[in-house]
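Note that the structure is predicted; figures quoted are calculated from it, not measured. The first residue of the sequence shown is numbered 1, and numbering continues consecutively from there.
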Amino acid sequence: MPSPPGAGQTSSYNRKVVAFAALGSMVNLRIWSLHHLEHDWATRMVCLLQSPPSGEPGYDEVTTPAIATANGLLSAGAAVACLAVMWTGDRFGRVRNLQAGSLLGILGGALQRAAQNLAMFQAGRFVMGLCIGLMVTVTPMYLSEISHPRRRGWLVGHHAIFLVLGYMLASWNGYAVYFAPNRAFGWRFPLCFQVVPPLVLLAGTPWLPQSPRWLVSRNRHDEAWAELQRLRRCPEEDPDDAVAREELREIQDQIALDRQKLLVWGGNPWRAVLSKRSYQKRMVIGFLTQWGAEFGGPLIINNYAVILYEGLGQKGSMPLLLSALWITTAVLIYNPGGAWLHDKVNSRRWMFITGFVGITITTSCLAAMIACFAGTDNRAGNAMGVFFIFLYLAFQGTFCDTTMYIYISEIFPTEIRSIGMGFSLFGQFAATIILLQTAPIGFAAVGWEYLLVVICWSAVFVPIIYFFFPETSQLSLEEVERQFGDEVVTHTIQQQKDEI
């Protein structure tokens, strides 16, 4: 069946804006994961920590808690920023928040790179966490609001693609400086390198368009029309900008309708969020989407991959090489593939369900291999363990990593989108605080059994998605409201046509 006229209409300008704005996603450069820092460069980072390196007395009692605290501070800063976006997202707009996040990223990276003691380093971790919280909340929200419904999966998926690109650069950077003879360079250069994405983004933000939906919500209709024209322009197929004109009318009418409905709560979106059942459902689903995706284990496996590979018999620089190759497959294959599939499969729910079924199976198999063969000379068993780590990423990267951001960017109406996105991403970092604080201690105490956290949660999350998560694929952000039982302008117009 051919696509209707204007389906997926996206200008080259729109695509360039998406690619550039997604640079904000690269602040998740986890170069500064301390387990990588401490292990990858031997005594270099522990000189700063003034704590015992791996294998020496006191490591579990001193170094492991320091690592957990540093990871926890990063997540705590991100959680605070997510809560702040619930207000700043609408008050200052999407682009201003990207600029604020960039400034925090530059400051946080500088503090870590110049750290002379652990306290200064930890302060930099918290500031960098603020940057990450702003970026991972505002970037997918911004990309969603400037994307056409039929291309939204691919375009918003750029957030997850660039996010793992940051991870990949971190991993290869870590592998490269493993061989650096200069101890100070070995850990200060990677920490300095993390300021590059926010610096480039900050330099280019003056030329980024404001979100048309945010502009309409601030009664700046002429500016919204000018931006939407540029984002949807297609002179060959749509010389009169009919697609942009219709989209603007839908945005204006839906925002007007939502404002009218808010009058029941005195026009206060916060009161509506606390009182309106469909809004409450969105908030719970958004929080669970991000919480659930993190408890699916990507950060556990990524941040502590070195431990897992060592347990499976890999020595020397090999764990670092495998870790870099692991995340590189996500950048080149899985995350782009997942973003592309979203506009083909037409189901966010089934993408998410497929991912968590795969996570449950692959993590169970990985746990079995570690339980049976870790610490032994069984090369086949250890190799199968490495295989399941890579197979895990095929499911998580393709079906979950893109879905978790696309879905929450779609389910909230404009009037509460900043509130909903901030609360949803707070769920991600609340989960991250728990997992990254407990993971190093858990692996040290119970080994492979810590993976049962991922396995049990993933098995429970599948039916939750199936029974409670509405479908949002291929619908405009305004039409999605119908999936939660709310009145929408497009539905009202269709009813009027039917009556005629």
Side-chain angles (χ1 to χ4, degrees), residues 136 140-141 144 149 152-153 156-157 159-160 163 277-301 330 334-335 337-364 391-413 417 420-421 423-432 434-435 451-475 477 479-486:
V136 300
M141 176 167 58
S144 181
R152 199 166 56 233
V156 181
H159 171 66
L163 187 150
R277 186 171 296 275
S278 65
Y279 285 4
Q280 292 170 343
K281 181 178 180 180
R282 287 175 170 91
M283 298 295 280
V284 172
I285 288 176
F287 185 92
L288 280 178
T289 298
Q290 294 296 314
W291 173 281
E294 289 308 307
F295 266 84
L299 286 184
I300 294 175
I301 294 181
Y334 303 134
N335 281 46
W340 177 81
L341 274 176
H342 269 289
D343 293 328
K344 305 298 179 183
V345 173
N346 297 338
S347 177
R348 312 292 191 236
R349 292 171 67 252
W350 282 106
M351 289 281 285
F352 221 22
I353 289 171
T354 301
F356 273 95
V357 169
I359 286 173
T360 304
I361 295 171
T362 54
T363 310
S364 298
L391 187 60
Y392 163 91
L393 189 60
F395 285 98
Q396 195 279 331
T398 304
F399 299 101
C400 295
D401 216 21
T402 51
T403 307
M404 61 191 285
Y405 296 107
I406 296 171
Y407 191 68
I408 63 165
S409 72
E410 296 175 331
I411 63 176
F412 299 102
R417 186 164 294 125
M421 287 289 292
F423 186 70
S424 299
L425 269 299
F426 173 77
Q428 176 185 134
F429 292 107
T432 301
I434 295 171
L435 292 171
L451 293 175
L452 292 174
V453 173
V454 175
I455 296 167
C456 293
W457 168 257
S458 300
V460 169
F461 198 37
V462 168
I464 293 176
I465 299 169
Y466 181 82
F467 288 108
F468 298 105
F469 282 40
E471 186 57 67
T472 60
S473 179
Q474 299 293 301
L475 300 174
L477 295 181
E479 290 174 312
V480 168
E481 295 196 40
R482 184 187 305 149
Q483 301 295 87
F484 290 87
D486 288 334

Rounded distance [0.5 Å steps], [atom1] in [X] versus [atom2] in [Y]:
X	Y	atom1	atom2	answer
Arg349	Phe468	CZ	CZ	11.5 Å
Met351	Ile353	CE	CD1	12.0 Å
Ser347	Gln474	OG	CD	11.0 Å
Tyr334	Phe395	OH	CZ	9.5 Å
Leu475	Arg482	CG	CZ	7.5 Å
Thr363	Ile301	OG1	CD1	5.0 Å

- Query: Relative to each other, are the rings of Tyr407 and Phe469 parallel, tilted or perpendicular (30° and 60° limits)?
  - Reply: parallel
- Would you please classify the geometry between the Phe426 ring and the Phe423 ring as parallel, tilted or perpendicular, with 30° and 60° separating the classes? parallel
What I'd like to find out is whether the side chain of [X] reaches to under 4.5 Å of the side chain of [Y], using heavy atoms alone.
X	Y	value
Ser424	Phe412	yes
Leu425	Ile408	yes
Arg282	Pro413	yes

For the residue pair [X] and [Y], what are the closest heavy atoms and their distance?
X	Y	result
Arg417	Ser409	NE-O, 3.9 Å
Ser458	Ile359	OG-CG2, 3.4 Å
Pro140	Val156	O-CG1, 4.0 Å
Val480	Ile411	CG1-CA, 4.0 Å
Tyr405	Asp401	CD1-O, 3.2 Å
Leu288	Phe461	O-CZ, 3.4 Å

- Item | Sequence-distant partners of Glu410, salt bridge (charged side-chain N to carboxylate O under 4.0 Å, His left out), two or more places apart | Arg152, Arg348
- Residues which pass salt bridge (charged side-chain N to carboxylate O under 4.0 Å, His left out) with Asp343, listed by chain and number, not counting sequence neighbours: none
- Task: Given side-chain hydrogen bond (donor to acceptor under 3.5 Å, both in side chains), test Ser473 with His342 step by step and report yes or no.
- Result: CA-CA 8 Å; Ser473 179; His342 269 289; over 6 Å; no
For residues 289-300, run the donor-acceptor check on the side chains, cut-off 3.5 Å, and write out each pair with its distance to 0.1 Å, sequence neighbours left out.
from, atom 1, to, atom 2, distance (Å)
Thr289, OG1, Ile285, O, 2.7
Gln290, OE1, Gln428, NE2, 2.6
Gln290, NE2, Met404, O, 2.6

- Message: The test is side chain to side chain contact (heavy atoms under 4.5 Å, CB included); show your working for Asp486 and Tyr279 and say whether it passes.
- Response: CA-CA 9 Å; Asp486 288 334; Tyr279 285 4; 3.9 Å; yes
- Starting from the C-alpha separation in whole Å, work towards a yes-or-no answer on side chain to side chain contact (heavy atoms under 4.5 Å, CB included) for Leu391 and Ile361. CA-CA 10 Å; Leu391 187 60; Ile361 295 171; over 6 Å; no
- Main-chain N/O of Ala160 paired with Asn335 side-chain donor or acceptor, under 3.5 Å: yes
